[in-house]
Amino acid sequence: MKLLQNKILIIGCGRLGATIANDRSKKGENVIVVDSNKDAFIRLDETFSGITFCGDATDLATLEDAYIKTAKEVVLATGDDNVNIFVAHVCREVYDIPKIIVRLDDPTRGVLFEGKRIKGIYPLELSVSKFNIINGD
Ligand code: AMP
């Protein structure tokens, strides 16, 4: 089945995760979204062509149900840094995922594990740099 190959797994379907999922789906990529709250999937567009799994991403059975073993990329976008860091490590160490993108509220925690395969997104730093641009600094 085509959907099971070359897919992007997005963990957390809050505003960030859902926006990335909608965008990647529009670009024709194979997207799978996991969230522990099924109501979160309401944020996905009507045209979203991927699939959804309801479950706790810290549970390996949930990740395997969501076909993590053949994912080319995982985006960790829950609102909980501990969940995102834990699952990022699992993705790298257990499943050997080549590309892992992690949202972190606390920028100081990224330096602990960022590297070739794991990259961080820091909403705080993005906000401060946008503030500085608007402020003309
Ligand atoms: P937000 O905090 O609004 O950015 O949304 C984060 C999303 O991540 C919410 O929809 C949560 O239900 C989801 N979430 C939080 N923890 C987990 C988890 N352990 N497994 C799967 N989804 C989660």
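Every number for a ligand or one of its atoms is a count from 1 in the order of the listing.
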Is the shortest heavy-atom distance from the side chain of Ile68 to the side chain of Cys91 under 4.5 Å?
yes
If we number the atoms of ligand 1 from 1 as shown, the ones under 4.0 Å from a heavy atom of Ala40 are 10 (O)
In this structure, atom 19 (N) of ligand 1 is nearest to the protein heavy atom Asp56 OD1, 2.9 Å
### 4.0 Å heavy-atom contact, Gly55 with ligand 1
yes
Worksheet item: Going by atom types alone, do Thr58 and Asp56 pair a side-chain donor with an acceptor below 3.5 Å?
Response: yes
Q | Any donor-acceptor N/O pair, Ser127 side chain to Pro123 backbone, under 3.5 Å | A | yes
At under 4.0 Å between heavy atoms, what of Ser36 touches ligand 1? The answer is both
shortest atom 15 (C) of ligand 1-to-protein heavy-atom contact is with Thr78 CB, 3.7 Å
In this structure, atom 20 (N) of ligand 1 is nearest to the protein heavy atom Ala57 N, 2.9 Å
Ranked by distance from atom 3 (O) of ligand 1, the top protein heavy atom is Gly14 CA, 4.2 Å
Exactly one candidate in Ile118, Val74, Ile97, Val87 meets side-chain contact (heavy atoms from CB on, under 4.5 Å) with Arg92; the answer is Ile118
Atom 2 (O) of ligand 1: closest protein heavy atom, distance to 0.1 Å, is Gly79 CA, 3.4 Å
Q) Salt bridge check: are Asp105 and Arg103 linked by an N-O gap of less than 4.0 Å? A) yes
Any side-chain heavy-atom pair of Lys69 and Glu64 under 4.5 Å:
yes
Among Asn37, Asp35, Ile10, closest by heavy atom to atom 11 (C) of ligand 1 is Asp35
Checking heavy atoms under 4.0 Å, the part of Arg103 that sits near ligand 1 is side chain
Within the 4.0 Å heavy-atom cut-off, what Val83 brings close to ligand 1 is side chain
### Single-linkage hydrophobic cluster, 4.5 Å side-chain cutoff, Ile85 and Leu124 together
no
**Study point:** Any donor-acceptor N or O pair under 3.5 Å, side chains Lys26, Thr47
**Key:** no
